[in-house]
*Asks:* 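Structure in structure tokens, see below.
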Amino acid sequence: MSFREKSAWVVLVANLVVFGLYFGALAPALLRGAVDQPHFIGLLAKSVALLVVVIVILSIAMAIRSPGEANAPRDEREKLIALKGARVAYVALATTAVAAFWGLIAGLDRFLVANALFLGLVVAEAAQNGVQIVHYRRGA
């Protein structure tokens, strides 16, 4: 497994775990209609900080184990894989942004729309890394 494929796995799993916990805590509160917005804003900030720390630590550990591979420039195949992932992420994020825009027009709560946009970012990142992993696995 290449360094960049391992990096995609790290980011994918970290995103799914950290933000799965965040949205897993938020969803029941939204369904009950009892959202303590300051609490969830703080929880979101802590989640983002945790994600950054986890990704940095794991990336450093991977780079220490394979310094030559970590510093190697991207080849044409890796550039193409990155572009394919970015294309899927763009579609996911653009779709979420348009839906959020219409949600604001329809009068949805700003906190709900902001979290929907953030969920769109998480889904876009997961889609990007997922597509990259699939292409690395296929050797494309």
Side-chain angles (χ1 to χ4, degrees):
M1 189 179 317
S2 73
F3 179 81
R4 288 187 177 81
E5 182 183 352
K6 290 176 194 172
S7 295
W9 274 109
V10 164
V11 173
L12 176 64
V13 171
N15 264 309
L16 293 178
V17 169
V18 171
F19 292 119
L21 292 171
Y22 171 75
F23 287 109
L26 178 64
L30 287 172
L31 292 173
R32 285 191 313 269
V35 177
D36 179 10
Q37 291 184 11
H39 167 74
F40 281 103
I41 291 169
L43 184 59
L44 179 59
K46 290 174 188 173
S47 297
V48 170
L50 176 63
L51 179 72
V52 170
V53 169
V54 167
I55 290 174
V56 167
I57 288 171
L58 292 176
S59 296
I60 289 170
M62 288 188 320
I64 289 171
R65 290 187 64 183
S66 307
E69 201 175 338
N71 294 324
R74 288 184 176 181
D75 61 19
E76 290 301 315
R77 179 180 145 269
E78 290 171 330
K79 289 178 185 177
L80 182 60
I81 289 171
L83 286 172
K84 288 178 179 181
R87 179 178 57 199
V88 171
Y90 171 78
V91 170
L93 187 56
T95 302
T96 305
V98 170
F101 173 75
W102 286 108
L104 283 174
I105 289 174
L108 291 179
D109 180 63
R110 291 181 315 203
F111 181 77
L112 178 63
V113 173
N115 275 281
L117 281 170
F118 192 73
L119 178 61
L121 286 170
V122 172
V123 168
E125 183 72 18
Q128 177 177 4
N129 288 293
V131 166
Q132 289 176 351
I133 290 165
V134 166
H135 285 290
Y136 278 118
R137 295 274 95 198
R138 286 183 180 167

*Asks:* Closest heavy-atom contact between A82 and R74?
*Replies:* CB-NH1, 3.5 Å
*Asks:* I want to check something: taking the side chain as every heavy atom from C-beta on, are N129 and E125 in contact at a cut-off of under 4.5 Å?
*Replies:* yes
*Asks:* If you draw a 6.0 Å radius around OH in Y90, do more than 12 non-hydrogen atoms from other residues or ligands fall strictly inside?
*Replies:* no
*Asks:* Taking all non-hydrogen atoms of both residues, which atom of V11 and which atom of I55 are closest, and how far apart?
*Replies:* CG2-CD1, 4.1 Å
*Asks:* Could you check if a side-chain atom of W9 sits within less than 4.5 angstrom of a side-chain atom of Q132, using non-hydrogen atoms only?
*Replies:* no
*Asks:* Minimum heavy-atom separation for K6 to M1, with atom names?
*Replies:* CE-O, 3.3 Å
*Asks:* Mind running side-chain contact (heavy atoms from CB on, under 4.5 Å) on Q128 and V88 for me, showing each step along the way?
*Replies:* CA-CA 6 Å; Q128 177 177 4; V88 171; over 6 Å; no
*Asks:* I need the minimum non-hydrogen distance between A92 and A124, along with the two atoms involved.
*Replies:* CB-CA, 4.0 Å
*Asks:* Using the side-chain contact (heavy atoms from CB on, under 4.5 Å) rule, take N115 and F23 through it: C-alpha gap first, then chi angles, then the decisive distance, then the call.
*Replies:* CA-CA 9 Å; N115 275 281; F23 287 109; 4.1 Å; yes
*Asks:* Where is the tightest heavy-atom contact between V54 and A14, given as atom of each residue plus distance?
*Replies:* CG1-CB, 4.1 Å
*Asks:* Mind running side-chain contact (heavy atoms from CB on, under 4.5 Å) on V131 and H135 for me, showing each step along the way?
*Replies:* CA-CA 6 Å; V131 166; H135 285 290; 3.5 Å; yes
*Asks:* Using side-chain heavy atoms (C-beta onward) and a distance below 4.5 Å, is F118 in contact with V48?
*Replies:* yes
*Asks:* Got L43 and F40 here, is their nearest side-chain heavy-atom distance under 4.5 Å?
*Replies:* yes
*Asks:* Would you check if F101 and L117 make a side-chain contact, meaning some heavy-atom pair closer than 4.5 Å?
*Replies:* no
*Asks:* For T96 and L119, what are the C-alpha separation, side-chain angles and deciding distance, and is it a side-chain contact (heavy atoms from CB on, under 4.5 Å)?
*Replies:* CA-CA 8 Å; T96 305; L119 178 61; over 6 Å; no
*Asks:* Can you confirm whether D109 sits close enough to Q37 that some side-chain heavy atom of one is under 4.5 Å from a side-chain heavy atom of the other?
*Replies:* yes
